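Written below as structure tokens is the structure these notes are about.
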Amino acid sequence: MDLLLTLFMNKTELISNLHQLVSLNVIGDKQLFNRYKGFYTELLFEEKISSFKNFENFSGGYMIPKTSNESSLRDSVYFTCIHIRSDLKRYEELYTILAEVGFAEMFLIKYDTNILNCKEVIKLENKTYSFPVPEFRIFAFNYKLLKFEYQSNDIEILSGLFKSKKIRNKNKHQINKETKNWLHNKLNDFCYEELFKIYVNRLIFDGYIGFSKYKGKPADIDYIIKKSDGKYKLLEIKEKDLPKRSKTGFGLDTGRLDDFRKMQNKTGLDYILIVRHINNQKDRELINWKYITVNDFNNDCKDEKPIQGGTGMRSVNSSNPTLICSLDKFGVL
């Protein structure tokens with residue numbers, strides 16, 4: 001049931017809805033907090049590079065496999081969300097390159113922040129959750145013509161590609177109030193438009209797909225830039241402090257590293273790891289921003305054995321083999 005809503009969310013309401021969406025699509029509080037740290041770090045990065053003039057910025061996209069497997073690149077649907085005023089054709093060259101990955105479907109979704117309706121998005125056994133939903137215009141990428149074609153304004157054209165579960169999964173562990181408070185405190189200083197972009201992405205990923213659909217291991221491209229020489233770079237953005245029990249440096253889990261290298265090989269685009277280097281996990285004070293290419297990362301640690309990394313979005317009992325790259329291999333941004 002959809003309810004017409006003359007609606008403008010203020011920033012507090014937007015952050016609260018974002019929290020509700022994401023908290024219903026993680027297994028517990030630890031995973032939720034890791035997700036929120038990611039939002040905060042990516043917003044800080046966008047803030048930092050906003051003054052750089054030697055490249056164009058592009059929104060990253062999500063890769064969601066239609067079937068359960070360990071690779072986020074196999075039989076995946078790729079989508080990017082951009083504002084209704086954004087130029088569609090700006091993304092055609094980029095999508096032409098990314099199509100070499102072999103995505104099953106590729107979409108570009110335009111959203112309007114000014115037209116919102118209240119819609120039922122998440123249904124559990126005994127409760128339904130409604131959220132403000134913007135007007136969408138959904139375009140599919142035509143692999144033969146190498147351009148976008150309008151498909152629908154109904155998000156079902158994307159979410160319907162994934163098989164629905166009879167009963168949506170629920171959180172396995174309690175979500176703490178302090179985590180929501182942390183999100184409000186950290187995100188409140190950013191502008192409404194930046195927060196709305198995160199909200200729309202999570203509305204689709206966590207709301208319309210999320211725990212209610214069968215899917216493989218998802219992943220995303222955090223950020224994309226196009227340099228003045230016309231070359232695109234794919235960016236992975238992380239916040240990290242130095243490990244206490246291994247060599248001095250920063251890590252990537254082996255599965256993500258493998259996917260980065262596969263994307264590079266198929267597209268010819270460099271993948272770059274950006275690290276917001278912090279003093280520790282409690283104070284989280286910035287030391288500086290660092291970067292390294294995936295090739296240089298891999299060359300530094302290719303002969304080493306992985307260690308067990310953090311849980312990220314996984315269960316605390318899951319395996320997360322991680323490789324550590326030496327700190328001195330990173331440049332300062």
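Keep in mind it's a predicted model, so treat the numbers as computed, not measured.
- Not one N or O on the side chain of Tyr129 forms a donor-acceptor pair closer than 3.5 Å with the backbone of Leu24.
- For Glu304, the salt bridge (Lys or Arg N to Asp or Glu O under 4.0 Å) partners two or more places apart in sequence, or in a different chain, are Lys247.
- Between the side chain of Lys11 and the main chain of Asn188, a donor-acceptor pair closer than 3.5 Å is present.
- The only option from Lys37, Arg276, Lys186, Lys290 that meets the salt bridge (Lys or Arg N to Asp or Glu O under 4.0 Å) definition with Glu239 turns out to be Arg276.
- What you find for Val200 and Phe136 is that their closest heavy atoms are CG1-CE2, 4.0 Å.
- Side chain of Glu135 to backbone of Asp112: no donor-acceptor contact under 3.5 angstrom is found.
- Of the possible polar contacts, one joining the Asn25 side chain to the Phe211 backbone as a donor-acceptor pair under 3.5 Å is found.
- Using a 4.0 Å cut-off between a side-chain N of Lys or Arg and a carboxylate O of Asp or Glu, Glu42 and Lys197 do not qualify as a salt bridge.
- There is no side-chain donor-acceptor pair under 3.5 Å between Tyr232 and Thr267.
- Residues in residues 260-274 take part in these salt bridge (Lys or Arg N to Asp or Glu O under 4.0 Å) pairs, two or more places apart or across chains: Lys233-Asp270.
- A donor-acceptor pair shorter than 3.5 Å cannot be found between the side chains of Asn176 and Thr179.
- In the hydrophobic clustering of ILVMFWY residues, with side-chain heavy atoms under 4.5 Å counting as a link, Leu323 and Ile274 come out apart.
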